[in-house]
Amino acid sequence: MLLAFFTGGFLWLAWPPFHTAFLIFIGLVPLLYINDADKGVKNKGFRRVSLTYLTFLFWNIFTTWWIWYASPGGAILAIVLNAMLMTIPFGLFNLVKAKAGKTTGYVSLICFWLSFEYVHLHWELTWPWLTLGNVWAGLPNWVQWYEYTGALGGTFWILLVNILIYEGLTIKNKRRNYLGAASLLIVIPYLLSLVILLNLPGNTGMKTNANAVVIQPNIDPYNVKFDAASYGSQISGLITLSQQAIDSNTVVLIWPETAIADDVYEKTAINNEYVNAVHTFLKSHPKLKLISGIDSKTYYGEKNKTITSDLADSEKGIWVDHFNAAVLMDTGNKLQFYHKSMLVPGVEKIPYPQIFGFFNKYIIANGGYGGSLGSQSEPSVFKINSKLVIAPVICYESVFGDYVSQYIRKGATMIAIITNDGWWQDSPGHIQHLEYGALRAIEFRRFIARSANTGISCFILPDGKIIKPTDWWQPVAIKENIILNDKMTFYALYGDYIGRVACWISCALLVFAVWRGRVRGRRSEK
């Protein structure tokens with residue numbers, strides 16, 4: 001148990017915000033020992049599983065404890081269940097290793113873990129915060145090659161180096177070979193990253209730029225943000241901060257997630273008093289486009305209702321969907337909406353409601369939204385003009401590289417991340433979320449403008465460098481010329497192809513292991 005505790009702690013020390021990610025290269029070595037050192041041990045299968053689970057439980061607790069601020073129950077579920085899911089690839093690894101040998105076992109471990117991370121990015125119980133490749137978010141100069149592989153490429157790198165180092169430490173007659181290979185595997189990708197960085201053009205992208213202003217209003221999400229009596233003063237504060245920063249060159253103004261929090265009916269949004277106040281402000285700045293977070297809703301008839309809609313009027317057969325959305329506004333009366341698609345499980349949606357629907361009352365009691373928010377099936381972009389096309393990425397969505405790639409394939413030349421990280425207080429959570437954005441900048445070579453309600457707001461360069469970061473708990477406006485880019489990276493074109501390939505190989509390895517096990521069984525019978 002002590003070894004599991006220290007291993008979980010070691011993985012935590014490698015993680016942002018410590019910026020000691022290079023420790024990850026030996027972070028899994030003790031866990032490999034746990035899954036290998038079982039000679040003479042009774043109930044070795046139970047020992048492996050329990051110690052592996054404890055390792056991941058400690059890692060999850062140390063690294064994501066801050067979820068507790070937003071939801072104590074949600075924190076317990078996320079930590080306990082995520083540790084259980086992380087244990088599965090190691091259990092399958094031990095199964096394959098026992099039936100097909102150590103080498104095949106190691107190949108399977110890499111594939112099983114990559115498959116786990118890929119599934120965790122795409123199913124309804126998604127919580128990919130601890131994707132191994134995310135560990136480099138605070139040291140982007142190490143992984144400039146993510147534009148080819150995405151974060152799953154980093155996961156592959158980390159797993160392979162840990163396996164080589166473990167084998168080097170345990171096999172004396174081949175120690176130099178394994179440790180030498182591990183050293184090369186660390187150095188070569190790092191040098192490649194530096195070469196890519198040195199050869200990036202000074203102004204990555206098109207020659208066109210756009211002056212952008214980002215607002216951080218700093219509104220307490222627990223006591224003020226969703227108090228209807230304060231909506232008017234919130235909008236006034238946002239407008240005041242905006243007026244202090246915009247000038248005749250400003251093209252786009254970005255407000256954070258749920259900046260307009262009045263559950264606005266989209267069809268008649270322009271008539272809403274708070275939206276109308278924003279519209280009046282924009283009329284004084286005819287060149288300006290505003291991207292803002294907004295709580296919105298849409299009504300349907302009985303025939304058009306969705307799986308997430310609620311009955312609003314039983315007599316008239318009217319149903320309603322509520323959205324965590326982004327809105328594009330200018331001087332015109334037509335507003336364009338994007339509905340957040342990657343919703344937070346247990347807070348914004350009930351995953352697999354047929355199974356977990358009974359959690360609904362508990363979620364409401366703990367401050368979450370009852371049922372599920374509405375969403376759209378795929379992302380959409382805000383086209384300002386032929387060159388300025390913006391990806392409106394809302395909060396949690398910025399953790400999903402494969403999802404963000406869909407914006408890029410639809411023509412996005414810059415990314416706007418709007419978020420409200422104040423739920424987690426001044427904890428490592430909001431710093432981790434900020435730094436994950438640097439990986440998206442590298443993967444797509446896009447400039448990012450990040451507007452957070454309570455910090456940290458900033459701009460992120462296409463090489464992952466964060467500039468003009470704001471302080472926590474400070475109302476402020478920042479401004480920057482955004483260099484636009486319409487070129488497609490390899491990762492933008494193909495997304496998490498590494499995860500898809502790993503899933504296919506994992507299936508093949510399981511079949512192979514079962515076959516080898518049967519063959520060995522028949523031979524032993526003879």
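Keep in mind that this is a model prediction, so the values were computed, not measured.
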_Which heavy atom of Phe58 sits nearest to which heavy atom of Gly8, and what is that distance?_
CB-CA, 4.2 Å

*Do Thr64 and Trp66 come close enough that some side-chain heavy atom pair is under 4.5 Å?*
yes

*asked:* Looking at Val381, is its backbone amide N or carbonyl O close enough to the side chain of Gln336 to form a donor-acceptor pair, meaning the two atoms are under 3.5 Å apart?
replied: yes

*asked:* Between Ser341 and Ser375 (side chain of the first, backbone of the second, donor and acceptor by atom type, cut-off under 3.5 Å), is there such a pair?
replied: no

*Is a side-chain donor or acceptor of Lys305 paired with a backbone partner of Tyr300 at a separation under 3.5 angstrom?*
no

*Can you find a side-chain donor-acceptor pair between Thr131 and His120 that sits under 3.5 Å?*
no

_With side-chain contact (heavy atoms from CB on, under 4.5 Å) as the test, pick out the partner of Met414 among Ile482, Asn209, Ile448, Val389._
Ile482

*Quickly, which of Ile158, Leu160, Leu159 forms a side-chain contact (heavy atoms from CB on, under 4.5 Å) with Asn162? Name it, please.*
Ile158

*asked:* What I'd like to find out is whether the side chain of Phe323 reaches to under 4.5 Å of the side chain of Val264, using heavy atoms alone.
replied: no

_Measuring from atom CG of Leu241 to atom CG of Leu253, what distance do you get when rounded to the nearest 0.5 angstrom?_
10.0 Å

*What do you reckon, is NZ of Lys465 surrounded by more than 12 foreign heavy atoms closer than 6.0 Å?*
no

*Has Trp473 got more than 12 heavy atoms of other residues, nucleotides or ligands less than 6.0 Å from its CH2?*
yes

_Within the 6.0 Å centroid threshold, strictly below: Trp15 and Tyr436_ = no

_If we ignore hydrogens and angles and just use 3.5 Å, is the side chain of Asn453 paired with the main-chain N or O of Ile219 as donor and acceptor?_
yes

*If we ignore angles and hydrogens, is there a donor and acceptor under 3.5 Å between the side chains of Arg500 and His122?*
no

*Donor + acceptor pair across side chains of Ser309, Asp321 (<3.5 Å)*: no

*asked:* Can a side-chain donor-acceptor contact be found between Thr63 and Trp129 if the only test is distance below 3.5 angstrom?
replied: no

*Indicate yes or no for a side-chain donor-acceptor contact from Trp12 to the backbone of Phe62 under 3.5 Å, with no hydrogens or angles considered.*
yes

*Looking at Gln216 and Ser457, what are the two nearest heavy atoms and their distance?*
OE1-OG, 2.9 Å

*asked:* Could you walk me through whether Cys111 and Leu509 satisfy the side chain to side chain contact (heavy atoms under 4.5 Å, CB included) test, starting with their C-alpha distance in whole Å, then the side-chain angles of each, then the deciding distance to 0.1 Å, before giving a yes or no?
replied: CA-CA 9 Å; Cys111 291; Leu509 285 169; 4.3 Å; yes

_Using every non-hydrogen atom in the two residues, find where Gly374 and Leu343 come nearest and quote the distance to one decimal._
O-CD1, 4.1 Å

*Can you check whether Ala502's main-chain N or O pairs, donor with acceptor, with Ser115's side chain at less than 3.5 Å?*
yes

*Step-by-step side chain to side chain contact (heavy atoms under 4.5 Å, CB included) determination, Glu435 to His19*: CA-CA 10 Å; Glu435 294 184 347; His19 297 170; 2.7 Å; yes

*How close do Trp65 and Pro428 get, heavy atom to heavy atom, and via which atoms?*
CZ2-CD, 3.5 Å

*Between Tyr53 (side chain) and Ala83 (backbone), is there a donor-acceptor pair under 3.5 Å?*
no

*State, with a plain yes or no, whether a side-chain heavy atom of Trp157 is found less than 4.5 Å away from one of Phe25.*
yes

*Separation between CD1 of Ile418 and OH of Tyr338, rounded to the nearest 0.5 Å*: 9.5 Å

*Rounded to the nearest 0.5 Å, how far apart are CG of Asp310 and NZ of Lys297?*
12.0 Å

*Is any side-chain heavy atom of Leu335 less than 4.5 Å from a side-chain heavy atom of Val275?*
yes

*Does Tyr494 OH have over 12 foreign heavy atoms under 6.0 Å away?*
no

*Under a 4.5 Å cut-off applied to non-hydrogen side-chain atoms, are Pro345 and Trp127 in contact?*
no

*Closest approach of Ala261 and Tyr231, non-hydrogen atoms and distance?*
O-OH, 2.8 Å

_Distance, nearest 0.5 Å, that separates OG of Ser71 from CD1 of Ile67_ = 9.0 Å

*Taking only Lys NZ, Arg NE, NH1 and NH2, and the carboxylate oxygens of Asp or Glu, determine whether Glu147 and Arg445 approach each other closer than 4.0 Å.*
yes

*asked:* Tell me if the NZ atom of Lys267 is crowded by more than 12 foreign heavy atoms within 6.0 Å.
replied: no

_Please find the pair of heavy atoms, one from Ser451 and one from Ile215, that lie closest to each other, and give the distance._
OG-O, 2.7 Å

_Residue Lys383 excluded, over 12 heavy atoms near NZ under 6.0 Å_ = no

*Among Tyr118, Phe93, Phe56, whose ring pair (Phe, Tyr, Trp, His ring centres under 6.0 Å) with Trp113 holds?*
Phe56

*Note, Ile88 side chain near Phe116 side chain (heavy atom, < 4.5 Å)*: no

_Nearest-0.5 Å distance that lies between atom OH in Tyr497 and atom OH in Tyr148_ = 10.5 Å

_Are Trp423 and Tyr222 an aromatic pair, judged by ring center distance below 6.0 Å?_
yes

*Verify whether one side chain among Ser427 and Tyr69 offers a donor that lies under 3.5 Å from an acceptor in the other.*
no

*Test Val393 against Tyr403 for side chain to side chain contact (heavy atoms under 4.5 Å, CB included), laying out the working first.*
CA-CA 10 Å; Val393 178; Tyr403 181 78; over 6 Å; no

*Please examine the side chains of Asp496 and Glu117, heavy atoms only from C-beta on, and report whether any two atoms are closer than 4.5 Å.*
no

*Hey, does Phe226 have a side-chain heavy atom less than 4.5 Å from the side chain of Asp295?*
yes

*Begin with the C-alpha distance, continue with both residues' side-chain angles, and end with the deciding distance and a verdict on side chain to side chain contact (heavy atoms under 4.5 Å, CB included) for Arg450 and Thr419.*
CA-CA 8 Å; Arg450 189 179 198 270; Thr419 187; 3.8 Å; yes

*Hey, could you give me the CG/CG distance between Asn481 and Asn211, rounded to the nearest 0.5 Å?*
5.0 Å

